[in-house]
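Each remark here refers to the structure printed beneath this line.
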Amino acid sequence: MLVLFGAAQAVVGAFFYGAGPAPFASLGFDLLILATCLLGAWGLDRPAGGLAPAAGWFVVAFLLASGTPGGSVLISASTAGEWFLFGGAGAACAGVIAAFTIWSRSGLARSRRKR
């Protein structure tokens with residue numbers, strides 16, 4: 001379900017990343033995938049909970065950003081589109097790294113509980 005939720009965020013973001021002033025909607029979608037990765041890992045108490053929505057987001061976002069043989073794309077090379085793609089990729093990676101750091105067997109949360 002987390003993979004599908006991450007994929008759904010990419011689909012919705014691909015259509016609405018340019019709403020409002022240029023990078024603000026894109027930044028909102030970036031923060032949303034970061035929060036989804038962190039909350040997924042927290043909810044499952046496993047790093048895979050953070051990896052699953054990030055994987056779904058990556059696959060769908062980059063498929064929607066790649067061009068068709070006819071040359072049409074959903075996510076353009078505009079400022080907002082670049083903030084959506086690169087900011088979302090960075091936010092998803094940050095969420096996955098934080099998930100593996102905090103919720104892995106040797107992560108920070110586990111070592112603090114043992115003290």
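Since we're looking at a predicted model, the values are computed, not measured.
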Let me confirm one number: the [atom1]-[atom2] distance from [X] to [Y], rounded to the nearest 0.5 Å.
X	Y	atom1	atom2	answer
D30	L85	CG	CG	9.0 Å
F86	S26	CZ	OG	12.0 Å
F16	F84	CZ	CZ	11.5 Å

Give the minimum heavy-atom separation between [X] and [Y], together with the two atoms involved.
X	Y	answer
A10	A61	CB-N, 3.8 Å
G88	I33	O-CG2, 3.9 Å
L38	G95	CD2-O, 4.0 Å

Mind listing the side-chain donor-acceptor pairs of residues 48-58 below 3.5 Å, one per line with the distance, residues two or more places apart or on another chain?
none

- Message: Please say yes or no: joined through hydrophobic side-chain contacts below 4.5 Å, possibly via intermediate residues, are F15 and F62 part of one cluster?
- Response: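 Same hydrophobic cluster.
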- Query: If you group Ile, Leu, Val, Met, Phe, Trp and Tyr by side-chain heavy-atom gaps below 4.5 Å, do V12 and V60 land in one group?
  - Reply: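 In one cluster with V12: V60, yes.
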- Would you say W42 and I102 make side-chain contact, with heavy atoms under 4.5 Å?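 Contact flag for W42/I102 side chains = no.
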- Task: Can you sort out the partners of F5 under side chain to side chain contact (heavy atoms under 4.5 Å, CB included), two or more places apart, ordered by chain and number?
- Result: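 Here the qualifying residues are Q9, T36.
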- Supply the members, apart from L44, of the Ile/Leu/Val/Met/Phe/Trp/Tyr cluster built from side-chain contacts under 4.5 Å; use none for a lone residue.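 Under the 4.5 Å side-chain rule, L44 groups with L2.
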